[in-house]
Asks: 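The structure under discussion is supplied below as structure tokens; questions concerning it will follow.
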Protein chains: 2
Amino acid sequence: MSKDSIVSIGLSAAIVAVESEQPMVLVVSHDGSDDALPFGPFDPAHHRTLESGLRNWVGEQTRFDLGYTEQLYTFGDKGRHTPAGGDKGHQSSARVVSVGYLALTRRMKEAPETQWRGWYNYFPWEDWRDSKPAMIDSVILPALKKFVKDAPDAETAELRRERVNVCFGDGWDEERVLERYELLYEAGLVEEFYRDSGQASKGPALGTPMLFDHRRILATAIARLRGKLKYRPVVFELMAPTFTLLELQRAVEALAGLRLHKQNFRRLVAEQGLVEGTGKLSAPARGRPAELFRFRREVLRERPAPGLRLGGRRTRSA
Amino acid sequence: MSKDSIVSIGLSAAIVAVESEQPMVLVVSHDGSDDALPFGPFDPAHHRTLESGLRNWVGEQTRFDLGYTEQLYTFGDKGRHTPAGGDKGHQSSARVVSVGYLALTRRMKEAPETQWRGWYNYFPWEDWRDSKPAMIDSVILPALKKFVKDAPDAETAELRRERVNVCFGDGWDEERVLERYELLYEAGLVEEFYRDSGQASKGPALGTPMLFDHRRILATAIARLRGKLKYRPVVFELMAPTFTLLELQRAVEALAGLRLHKQNFRRLVAEQGLVEGTGKLSAPARGRPAELFRFRREVLRERPAPGLRLGGRRTRSA
DNA sequence: CCAATTAATACTCATTTCGAGTATATATAT
DNA sequence: ATATATATACTCGAAATGAGTATTAATTGG
């Protein structure tokens, strides 16, 4: 019963912040290799929990102290962590199981070797704030149509058709980030697919690729965050201590990749009692200054599920 | 950078079925030891993904083929898998990280050494179908009040007070199963707390204990399933191919631990197009036979988030 | 002081969804 | 027929949603 299975555990973190209306993620990028999420091994001898291990080496490596963190998913796929091409820095014999985390912060300091990049660099099809990204109709859907057609049998074709419809059909569900990425991966529309399978790349490679399965972990992080937004006041982890309501709205929009209806957004925030005014005003370059608000921590006790159920998607810009 | 961290991965599965209005979970119980979820090691040499490893040995051990499965969480806490008392069957040197899964099935066959038990045996405070469980007012709340009072400092006390309120205060949120279990654990109201910390048990030990951290995994499973119910048609994984609408309602009620309003439940099911009638009728012992329905798989394509957002909690029984 | 700029508010309004209820009709076993 | 169950029909008010239109307010730059 206890045939022992030795693997090593890797911890990866999608550390997220929002700056000037862009959701940013902290990546490690040395020399010419792909961007990576900060990652490192879990050392069971020194840490009582996975999360404390994470906090510890993230602190060391990126000089960050994480605020809110959340475990995302544990990936153990052979071939997606250790690509066919061979890897450096890991024993090729030991299998790596990677546990992904989401962390939110408002600190933007950069450590050596790391930099902040907008997450839509990796997922350009996920930003619908200005309009539906043109690449969906011009590139993605035609390629996916071909993917459906190339299915080995009718049953697979039907399955693929459904997935294409759910992921990119009408009725955009901003939470299905991972499903969409996985579909694009399987359809050979992202570079990682060719890298992992050792095939020659053909056709368009969408978005900026990442090391190992890090883009998948980031997709999981975005999906989780977009979902959580609606029933937990997590945005505030990303805001300065005080902020204007419009800044708050812009942050939510940035994360969700959608435009919201201003009046309704405020009605919601007000009704939920998520914020309280500080009599102070913002100091804009031009125009009327807005009042500065702060997060009301008390709501956590008062309401069962305080969040910003978005929904009010506007067709045109704000 | 690659100081190697050797651990072994354990896979545990909460395999759930519903039988005669009780949610059941498959447990392994030999001799006098605590009930355990089926669990086993992940063998990286033989399996490409964690999930295929899980399906494989669950198949071997329990002769079950899992249908729907979902990863829950990865626990790596020292001390909660390998209790102070020492354990058998695992090298005490290797740290075990356990990945929990939820699996749904309608098959009720039992393999040797395993048996189906109602999950409310482990969480008696979670079943509100008949009425608010008396133990909450008579045992839990008084004990938690003491837990708040015994806090080392005022700040901790305030934190605890909030948690007690969120978990057991008015406004029952059926999804907070894990939060409640963790609170009871920390407050020393479940046996596992004493076992893990090596202290002498004192006070009431609520519910049936389980091996290792299996009750925590089961709590996670219940929470996840209760949540998922609302936006994905997962109940049908637990139903026979055909069923009456009342049977469906009873299954949802069993899982959610709540009573629902019959007319509204039907309105919902009908509106969502989740089921379709087969002209056939059920054969009850007495009384009017009900029509048999089947799940309309097509909704998965049609609607973005088909589920049974419950809510219609009735105060008294059906 | 005036125009331009930007934000904040005030209200409206129709549509859905929710939660809870009352009242009936229907099928079967005995 | 009666008891036992189930299935439907409707109603009704309260709340939440989604999308507007129209006004008001505070600054900066002339």
Side-chain angles (χ1 to χ4, degrees), chain A residues 21 171-172 174 230-231 242-253 256 258-293 303-318, chain B residues 21 171-172 174 230-231 242-250 252-253 256 258-273 275-293 303-318:
Chain A
E21 307 195 9
W172 181 255
E174 78 282 353
K230 291 166 192 156
Y231 59 95
T242 67
F243 46 83
T244 71
L245 292 180
L246 195 57
E247 281 164 5
L248 181 65
Q249 185 182 338
R250 293 292 180 239
V252 173
E253 289 174 338
L258 293 173
R259 284 285 164 215
L260 303 177
H261 184 279
K262 184 164 163 177
Q263 295 91 321
N264 292 352
F265 179 82
R266 282 162 189 243
R267 174 170 67 186
L268 205 66
V269 171
E271 274 170 1
Q272 301 247 12
L274 286 169
V275 298
E276 64 190 354
T278 72
K280 302 195 182 92
L281 299 177
S282 69
R286 276 196 305 290
R288 173 180 178 177
E291 186 175 0
L292 289 168
F293 289 78
R303 313 193 113 252
L308 297 163
R309 32 198 188 315
L310 358 154
R313 55 258 297 174
R314 284 188 49 79
T315 29
R316 285 267 36 80
S317 72
Chain B
E21 306 194 10
W172 182 254
E174 79 281 354
K230 292 166 191 157
Y231 58 96
T242 67
F243 45 84
T244 71
L245 290 181
L246 194 58
E247 280 165 4
L248 181 65
Q249 183 182 340
R250 293 289 181 240
V252 173
E253 289 173 338
L258 294 173
R259 282 287 164 215
L260 303 177
H261 184 278
K262 183 167 169 174
Q263 295 90 322
N264 292 350
F265 179 82
R266 283 162 188 240
R267 174 169 68 185
L268 206 65
V269 172
E271 274 169 2
Q272 302 247 11
V275 299
E276 64 190 354
T278 73
K280 303 194 181 93
L281 298 177
S282 69
R286 273 194 308 289
R288 172 181 178 175
E291 185 175 1
L292 290 169
F293 289 78
R303 313 195 110 251
L308 298 162
R309 32 201 188 315
L310 1 152
R313 53 259 297 174
R314 285 189 48 81
T315 28
R316 285 265 41 78
S317 72

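Chain naming here is simple, since letters A, B, ... match the order of the sequence lines and numbering starts at 1 in each.
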Asks: Can you find a donor-acceptor pair, distance only, under 3.5 Å between B:Arg288 side chain and D:dT6 base?
Replies: yes

Asks: What integer distance in Å separates A:His261:NE2 from C:dA14:P?
Replies: 16 Å

Asks: Starting at atom CG of A:Leu246, determine the distance to atom C1' of C:dA7, rounded to an integer number of angstrom.
Replies: 7 Å

Asks: Starting at atom CG of A:Leu260, determine the distance to atom P of D:dT17, rounded to an integer number of angstrom.
Replies: 13 Å

Asks: Does B:Leu260 offer a backbone N or O that forms a donor-acceptor pair with the side chain of B:Glu253 under 3.5 Å?
Replies: yes

Asks: How many whole angstroms separate atom CG of A:Leu292 from atom P of C:dA7?
Replies: 13 Å

Asks: B:Gln263 near the nucleic acid: base, sugar-phosphate alone, or nothing, with a heavy-atom cut-off under 4.0 Å?
Replies: base

Asks: C:dT16 C1' sits how many Å from B:Gln272 CD, rounded?
Replies: 13 Å

Asks: Nearest whole angstrom, please: distance from the P of C:dC18 to the CZ of B:Phe265.
Replies: 14 Å

Asks: Heavy atoms from C-beta onward define the side chain here; which of C:dA7, D:dT17, D:dG20 lies closest to that of A:Arg267?
Replies: D:dT17

Asks: Compare the minimum distances between each of C:dA27, C:dT9, D:dG18 and the side chain of A:Lys262, then state the nucleotide with the smallest one.
Replies: C:dT9

Asks: Give A:Leu281 one of three labels, base, sugar-phosphate or nothing, depending on what nucleic acid heavy atoms sit under 4.0 Å from its own.
Replies: sugar-phosphate

Asks: If C:dT30 has a Watson-Crick or G-U wobble mate with both distances under 3.5 Å, name it; if not, just say none.
Replies: D:dA1

Asks: Is there a donor-acceptor pair under 3.5 Å between the side chain of B:Thr244 and the backbone N or O of B:Glu291?
Replies: no

Asks: Atom CD of B:Glu271 to atom C1' of C:dT15: distance rounded to whole Å?
Replies: 13 Å

Asks: What pair of heavy atoms forms the shortest contact from A:Leu281 to A:Leu292, and how long is it?
Replies: O-CD1, 3.7 Å

Asks: To the side chain of A:Asn264, which of D:dT8, C:dC18, D:dG18 is closest?
Replies: D:dG18

Asks: Please report, rounded to the nearest Å, how far the P atom of D:dA7 is from the CZ atom of B:Arg250.
Replies: 10 Å

Asks: Which atom pair, heavy atoms only, marks the closest approach of B:Ser282 to B:Pro289?
Replies: O-CB, 2.9 Å

Asks: Is there a donor-acceptor contact under 3.5 Å from the side chain of B:Glu174 to the main chain of B:Leu258?
Replies: no

